[in-house]
Amino acid sequence: RDYLKLPVPISVADLHQRHVVLLGAHRNVYGLLGNYEIDPVSAALAVEAGKKFEQEQAELVQEMNVYLNQRNITLSS
């Protein structure tokens with residue numbers, strides 16, 4: 001599914017786009033990790049890239065929390 005085509009409010013379009021790109025990056029990392037026996041060097045590099053992507057993901061979550069808090073929006077579970 002092409003998540004970039006999902007309708008989102010314009011005010012969060014940038015956050016949404018960056019999140020979708022990171023999801024794709026995570027998918028690639030896990031694909032490389034799955035082939036660690038065939039290509040251990042790529043798998044090792046994927047681990048390092050995955051750490052960077054995790055940090056970027058945490059920053060996006062923080063940005064979204066700020067957005068929601070500024071607008072007094074709460075999410076229920």
Side-chain angles (χ1 to χ4, degrees):
R1 184 166 181 170
D2 190 356
Y3 293 105
L4 286 173
K5 292 182 180 177
L6 288 173
V8 297
I10 193 73
S11 57
V12 293
D14 178 61
L15 286 172
H16 170 73
Q17 182 179 12
R18 291 188 290 155
H19 181 73
V20 171
V21 168
L22 277 175
L23 287 175
H26 281 286
R27 183 185 63 225
N28 292 338
V29 164
Y30 287 113
L32 290 169
L33 291 175
N35 292 324
Y36 74 94
E37 292 177 337
I38 297 167
D39 191 354
V41 173
S42 290
L45 293 172
V47 168
E48 293 306 311
K51 292 176 186 177
K52 176 184 174 230
F53 299 147
E54 288 294 328
Q55 178 61 36
E56 290 178 26
Q57 184 68 33
E59 291 169 8
L60 280 177
V61 167
Q62 182 61 30
E63 286 181 52
M64 182 55 82
N65 286 335
V66 168
Y67 174 86
L68 295 172
N69 288 335
Q70 288 174 341
R71 288 157 182 80
N72 294 319
I73 299 171
T74 58
L75 303 176
S76 60
S77 52

May I ask you to say whether Glu56 pairs ionically with Lys52, meaning some side-chain N is under 4.0 Å from a carboxylate O?
yes
Pairwise side-chain hydrogen bond (donor to acceptor under 3.5 Å, both in side chains) hits with a residue in residues 20-41, at least two apart
Asp39-Ser42
N-O pairing of Lys51 and Glu48 below 4.0 Å
yes
Side-chain donor/acceptor of His16 to backbone N/O of Pro7, under 3.5 Å
no
From CD1 (Ile73) to CE (Met64), nearest 0.5 Å
9.0 Å
If you compare all heavy atoms of Ala43 against all heavy atoms of Leu32, which two are closest, and at what distance to 0.1 Å?
CB-O, 3.8 Å
Within 6.0 angstrom of Leu6 CG, more than 12 heavy atoms from elsewhere:
yes
To the nearest 0.5 Å, how far apart are CG in Asp14 and NE2 in His19?
13.0 Å
Name the residue from Val20, Leu22, Leu15, Val21 that meets the side-chain contact (heavy atoms from CB on, under 4.5 Å) definition with Arg18.
Leu15
Do the side chains of Leu75 and Val12 join up, straight or via other hydrophobic residues, at under 4.5 Å, putting them in one cluster?
yes
According to a 4.5 Å side-chain heavy-atom criterion applied to Ile, Leu, Val, Met, Phe, Trp and Tyr, with indirect links allowed, do Leu4 and Leu23 form part of one hydrophobic cluster?
no
Give me the atom names and distance for the closest heavy-atom approach of Val29 to Ala49.
CG2-CB, 4.4 Å
